[in-house]
Structure formats: structure tokens, C-alpha cells
Amino acid sequence: MEKIQMTTPLVEMDGDEMTRILWKMIKDELLLPYIDLKTEYYDLGLAYRNETNDQVTIDSANATMKYGVAVKCATITPNAARMTEYDLKEMWKSPNGTIRAALDGTVFRAPIVVKGIEPCVRNWEKPITLARHAYGDVYKNTEIKVPGPGKAELVFTDEKGNETRELIHEFTGEGIIQGIHNTRKSISSFARACFNYALDTKQDLWFATKDTISKKYDHTFKDVFQEIYDAEYKEKFDAAGIEYFYTLIDDAVARVMKAKGGFIWACKNYDGDVMSDMVSSAFGSLAMMTSVLVSPSGVYEYEAAHGTVQRHYYKHLKGEETSTNSVATIFAWTGALRKRGELDDIPALMEFADKLEKATISTIESGRMTKDLALITSLKDVTVLNSENFIKEIRKTLEEM
């Protein structure tokens, strides 16, 4: 059959360990036989990041801004053990953090719903998408260990040297202090990304913080969202038949547990980090989660939301069989291909992405799956497949379709 033609490249960011092995399998079995795949390739494997002093990560982010769509494999964020293992020059930063900062993006994560992998929360019928602000707060914090009695103050000095001071605490003994920040520009970008994604996917949008306690910090997030919604998005939401509302984070948690799903839940950085793991685990598995970074300028970067599956990689190196779930990585590719097809007006590319996702889900629902899913499925008499055979079974299903 004639391969589907692409006009604009995707930015392809290769990664580390077992997910790097799966990356090649997915391309060879599920993409290259059907698509004349055009990509601008960047190797974000830790060894090459070290070789280039992490310049390759910056280059990949710049390329993403140029071409508008990227697909990323899982990567290692090094710790002390990795410093020794890879003989690193320094403990390089998280590639995801570097790319998020460059794109000023918001991360949207949603579970992949499959029959036979039932959510722990019985009433969840549709995916719940988590929108996580990806800048500031505790992730950009400054910390001090207080050695003994003394006064802690929060001080801001403006350009003219004028100071504003607020007492934090009068310490009578040892303690700790943490300073966090955010910017109005980043909060505004976060809000617009959420509103645009809600319109894109025709889903209601919730936003939740703790403004009753944090009357300046969290309240600013609430105010910025409301101001932008009223000025730029209310009419569009009304026309699309979708709703935006704000609620306290504790109220949102209570509502989420009783909801049926099918909406976007926007959270500040830490809340989004924790709640996305809670939602994904309750739906079944981190390996069954889509993740896309969306910038306010309309740039998209698709990735798997999980790590590099280090334990399986070491087994693979010993020649031992692995049963690694590749679904999230497959869906990173399908998300990027669908968006590329949408932006370039290539319906065949969008249809292929849809079919590959359906083939992946259908393979699992027919009882052919990796070990992690076999342990939690309600299906009977399932076939546990190794990493490579699972991908080959998906190809069989795709061929039949």
C-alpha cells in the first residue's frame, strides 16, 4: 500500500533505557510501514546530553517552537547514582523541566480508558484530564534551615530600592523557612492554555486552589483565571456549550470522587503533580496515561507520562525477556501525528492515528496484554505478551482494521 505522506516534520526526541528500546520497536512495527515519516531527530539520551553539555535539549525545544509539534520518549533525570553510572560532567537538569520552561507550557494528562481495566472509583465513566501548571511554586523554591531563635521576614525591594516587609515568624528555636514565587505572565499563559484546551476538546474546565487561606498568592491565580475568562473566553465557552468554574481544592477533591469524569481539572504545579498521579493510579496505570505539553502560542509536545523503566532495561541487557507496557509511548506518537495532520490538513494522517489507538485498545480488550495489565484486569483467560510481541499483536490488529 502507498504510504501516508507528511509535509512538515515532527520534532522527535529520543530517550533512555527500556523506553528507548520500545521507541524503535514502535517506529519499525507500527509507523514506518504505513507513513513516510518525516522527523527532525534529537537524541535526548543521557549519554548524548552529557556529551553536548545538555545543548541538545535546548536545541530540541527551539525546534519544537519552529515546527509546532514534538513527540518525546521518556528520559532520565540524573541523581548521584546516575552521575557515577554515566560518568556525567554534572547532574544535568530534567529535560522535561527545560522544555516546559522554554515553551512556557501547561501539561495535560489523561488516562487511557480500556474495558477490563476498571477504575478504582466505580462511578468514573470517562477520562479525567489533569491540567498542571508547569512553572514556579515549590519547584522553584528557596529554603533555609533555621538554626535557632530569631526573626524571619519576607522582603521585596523594588527597582528604586523601596522595601516591602512582612513578618513570617518569630522563632524561639530551630525551624525551617520556604520562599516560593510565581509570575503573572506565567499564570496568564497557564490560564489561556487551559481555556484553549477545553475549547479544543469540548470539555468543561474546573480550576481549584486554596484562596481562602492563601489570600494573595492563590487568590491571584483565581483572579487571573476569572479576568481572562470574562474578557476572552466566556462567549466562546457559551457557544461551545461548555462550562468554566472555580472551586476550592478540597471541594474539587470531594466532587471528583463523585463525578462521572469527562472534564479538565486545572491545578497549580504541586497540586497537579500529586493529583495526576492519584487519577492515573485510580484509573489503572501510569503506563496508560497520555501527556501533552501545550504552550499558549499553540505549540504541542507529546510524551509518555512515566519513567524509563530502568529495571526492565537491565533485564533486557542480560538477554532476559521483559513485558513492558508501551501504550503511553504509542499514544504519544498518535497524539503528535494527529496534531501534525490537523495543522497540515492531512486527514489520512489523522485517521491513521485514530486507527492505531483503536487497534491498541482493541488488542488489550481482546485479552492480549503486558504483564502489568494482566495483574489488574477483570478479563478472564488473558494472554501475557512480552514487550516485542505486544507491539506485534497491535500491528496484527491494525492490519485487520
Does [X] pair with [Y] as a salt bridge, N-O distance under 4.0 Å?
X	Y	result
Lys24	Asp14	no
Asp218	Lys268	yes
Lys234	Asp238	yes
Asp16	Arg82	no
Arg165	Glu153	yes
Arg192	Asp104	no

In this structure, is the centre-to-centre distance between the rings of Tyr270 and His133 below 6.0 Å?
no

Would Phe190 and Phe225 count as a close aromatic pair, with their ring centres under 6.0 Å?
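Close enough - the centres of the two rings lie under 6.0 Å apart.
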
Measure from the side-chain N and O atoms of [X] to the backbone N and O of [Y], and report whether any donor-acceptor pair falls under 3.5 Å.
X	Y	answer
Thr383	Arg368	no
Lys89	Asn50	yes
Ser281	Asp277	yes

Partners of Phe245 by ring-ring contact (aromatic ring centres under 6.0 Å, His included), sequence neighbours excluded?
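With neighbours one apart ignored, the set is Trp206.
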
Which is it for Val114 and Thr360 under the side-chain contact (heavy atoms from CB on, under 4.5 Å) test, yes or no, and what are the steps along the way?
CA-CA 10 Å; Val114 179; Thr360 303; over 6 Å; no

Only one of Tyr197, Phe195, Tyr233 passes ring pair (Phe, Tyr, Trp, His ring centres under 6.0 Å) with Tyr244, and that residue is Phe195

Determine, stepwise, if the pair Thr334 / Glu357 fulfils side-chain hydrogen bond (donor to acceptor under 3.5 Å, both in side chains).
CA-CA 7 Å; Thr334 55; Glu357 289 183 1; 2.7 Å; yes

Please report the interatomic distance CD1(Ile176) to CD(Glu174), rounded to the nearest 0.5 Å.
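That separation rounds to 11.0 Å.
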
Which distance, rounded to the nearest 0.5 Å, do you find between the CG of Asn325 and the CD1 of Ile364?
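Between atom CG of Asn325 and atom CD1 of Ile364 there are 6.5 Å.
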
Testing the 3.5 Å rule here: is there a donor-acceptor pair between the side chains of [X] and [Y]?
X	Y	value
Thr64	Glu301	no
Thr322	Tyr313	no
Asn96	Ser94	no

side-chain hydrogen bond (donor to acceptor under 3.5 Å, both in side chains) evaluation trace for Asn141 with Glu143:
CA-CA 6 Å; Asn141 70 3; Glu143 300 175 318; 3.0 Å; yes

Can you list the steps and then say if Thr363 with Thr397 is a side-chain hydrogen bond (donor to acceptor under 3.5 Å, both in side chains)?
CA-CA 7 Å; Thr363 300; Thr397 310; 2.8 Å; yes

For Tyr139, does the six-membered ring have the charged nitrogen or CZ of Arg132 within the cation-pi criterion, i.e. under 6.0 angstrom from the centroid and within 45° of the normal?
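That pair qualifies as a cation-pi contact.
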
Take Lys66 and Glu40 through the salt bridge (Lys or Arg N to Asp or Glu O under 4.0 Å) test and state the conclusion after the steps.
CA-CA 11 Å; Lys66 176 183 176 182; Glu40 186 161 306; 5.0 Å; no

Can you check side-chain contact (heavy atoms from CB on, under 4.5 Å) on Ser60 and Leu44, steps first, answer last?
CA-CA 9 Å; Ser60 71; Leu44 297 195; 4.0 Å; yes

Evaluate the criterion side-chain contact (heavy atoms from CB on, under 4.5 Å) for residue pair Leu22 and Thr324; output intermediate values, then yes/no.
CA-CA 8 Å; Leu22 297 175; Thr324 315; 3.8 Å; yes

In terms of heavy-atom contacts, does CD of Gln178 have more than 12 from other residues, nucleotides or ligands at under 6.0 Å?
yes

Can you name the one residue among Lys355, Lys3, Glu399 that meets side chain to side chain contact (heavy atoms under 4.5 Å, CB included) with Tyr34?
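Going through Lys355, Lys3, Glu399 one by one, the side chain to side chain contact (heavy atoms under 4.5 Å, CB included) with Tyr34 is satisfied by Glu399 alone.
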
Anything under 30° is parallel, anything over 60° is perpendicular, the rest tilted; go ahead and classify Tyr300 against Tyr302.
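Rings of Tyr300 and Tyr302: parallel, under 30°.
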
Before you tell me yes or no, could you show the steps for Leu205 and Glu243 under side-chain contact (heavy atoms from CB on, under 4.5 Å), namely the whole-Å CA-CA distance, both residues' side-chain angles and the distance that decides it to 0.1 Å?
CA-CA 6 Å; Leu205 173 65; Glu243 180 186 11; over 6 Å; no

